[in-house]
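A short worksheet on the structure shown next.
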Amino acid sequence: ETGVTQSPTHLIKTRGQQVTLRCSSQSGHNTVSWYQQALGQGPQFIFQYYREEENGRGNFPPRFSGLQFPNYSSELNVNALELDDSALYLCASSPEVNTEAFFGQGTRLTVV
Amino acid sequence: AQSVSQHNHHVILSEAASLELGCNYSYGGTVNLFWYVQYPGQHLQLLLKYFSGDPLVKGIKGFEAEFIKSKFSFNLRKPSVQWSDTAEYFCAVNRGGFKTIFGAGTRLFVKA
C-alpha cells in the first residue's frame, strides 16, 4: 500500500467524450504527478502539480488538463477523447518535486 | 531527445541465478536515479534511489544498483534471485526538476 488511491479503476468511454480521473495523494505530499502508461511501455509524464499550481508539463496536448486541491486530492481531465488515449493512467504523489514517487494502482481507460 | 534505455525487455532466469538489468540515460549533469518495481497485481513501488554520495546503493529485498557517471548508467543487480522477484522493473531519471523519465521496463520471470 502506498497511501495513494485512484478512482475509478476501469473506465470505458466513446471517442470525442470527456473524462475525469481522480486521485487521493498521501497526506503531507504537496506534489502530484500524472503519467500515461500504454501497453508494453513505461509511464510517460503528463504533468505535475505542486501546491495547487501546474509545475511542469510533458509532451501532451492542452486537452489534457488537471487540478490539485488543498485536501491532497487531484484530477486529470481529458477532453475530446481519441482512441490512442486508451492506456493506464497513473497518479503519483511525492513529498517534494524531484523525490521518489508513491504510485496509485492506476485507472485503466479504454476509448472505443 | 532525452531518454532512458533499458536494454532487455524480457529476462528469464532460474532461481539462485544472478541478475543484472541495464539502464542508461542520455543527460549530462546532476541526476536523481530510481529503480521501481511492479509485482503482479500491485502498485509501482520504489526499489532503490540514488541522489548523491556512495554510487553503490542498496535497496529492498537484496537489490543494489551502481551509478557510473562516466557511462551514464545505473544498473540493477541481485546476486541470487527468487521466484518472488518475478515482476516488471523500471529505471527512472530526474534532472532535479519536475519531470521524471521512465524507461520502457524489463519483465523478469524467475523459474522455480
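- Of all residues spanning residues 36-53 of chain A, those with a heavy atom less than 4.5 Å away from chain B's heavy atoms are A:Gln37, A:Gly40, A:Gln41, A:Gly42, A:Pro43, A:Phe45, A:Gln48, arranged by number.
- Annotation: residues 99-106 of chain A contacts chain B through A:Thr99, A:Glu100, A:Ala101, A:Phe103, A:Gly104, A:Gln105 [non-hydrogen atoms, separation under 4.5 Å].
- In the hydrophobic clustering of ILVMFWY residues, with side-chain heavy atoms under 4.5 Å counting as a link, B:Val31 and B:Tyr50 come out together.
- Annotation for B:His9: atom NE2 does not count as buried by contact number, only 12 or fewer foreign heavy atoms lying within 6.0 Å.
- Close approach to chain B, defined as a heavy atom under 4.5 Å from one of its heavy atoms, is seen in no residue of residues 74-85 of chain A.
- Residue B:Tyr27 is grouped with residue B:Leu33 when hydrophobic side chains (ILVMFWY) are merged at heavy-atom distances under 4.5 angstrom, including chains of intermediate members.
- No continuous path of ILVMFWY side-chain contacts below 4.5 Å connects A:Leu90 to A:Phe60, so the two sit in separate hydrophobic clusters.
- No more than 12 heavy-atom neighbours from other residues, nucleotides or ligands sit within 6.0 angstrom of CD1 on B:Ile12.
- Contacts of B:Leu46 with chain A are made by side-chain atoms alone, with heavy-atom separations under 4.5 Å and no backbone atom involved.
- Put simply, the side chain of A:Thr31 does not reach to within 4.5 Å of the side chain of B:Phe98, judged on heavy atoms.
- Within 6.0 Å of atom CD1 in A:Ile12, 12 or fewer heavy atoms from other residues, nucleotides or ligands are found, so the atom counts as exposed in its surroundings.
- Applying a 4.5 Å heavy-atom cutoff, none of the residues of residues 62-71 of chain A approach chain B.
- Within 6.0 Å of atom CZ in B:Arg77, more than 12 heavy atoms from other residues, nucleotides or ligands are found, so the atom counts as buried in its surroundings.
- Placement of B:Phe109 and B:Leu47 in two distinct hydrophobic clusters is found when ILVMFWY residues are connected by side-chain heavy-atom separations under 4.5 Å, directly or transitively.
- Linking Ile, Leu, Val, Met, Phe, Trp and Tyr whenever their side-chain heavy atoms come within less than 4.5 Å leaves B:Leu44 and A:Leu109 in two separate clusters.
- Contact count versus chain A (heavy atoms, under 4.5 Å) is highest, among B:Gly105, B:Gly103, B:Gly97, for B:Gly97.
- By the neighbour-count criterion of 12 heavy atoms within 6.0 Å, atom CG of B:Asp54 is densely surrounded, having more than that number from other residues, nucleotides or ligands.
- Counting non-hydrogen atoms of neighbouring residues, nucleotides and ligands closer than 6.0 angstrom, the CZ atom of A:Arg57 exceeds 12 such neighbours.
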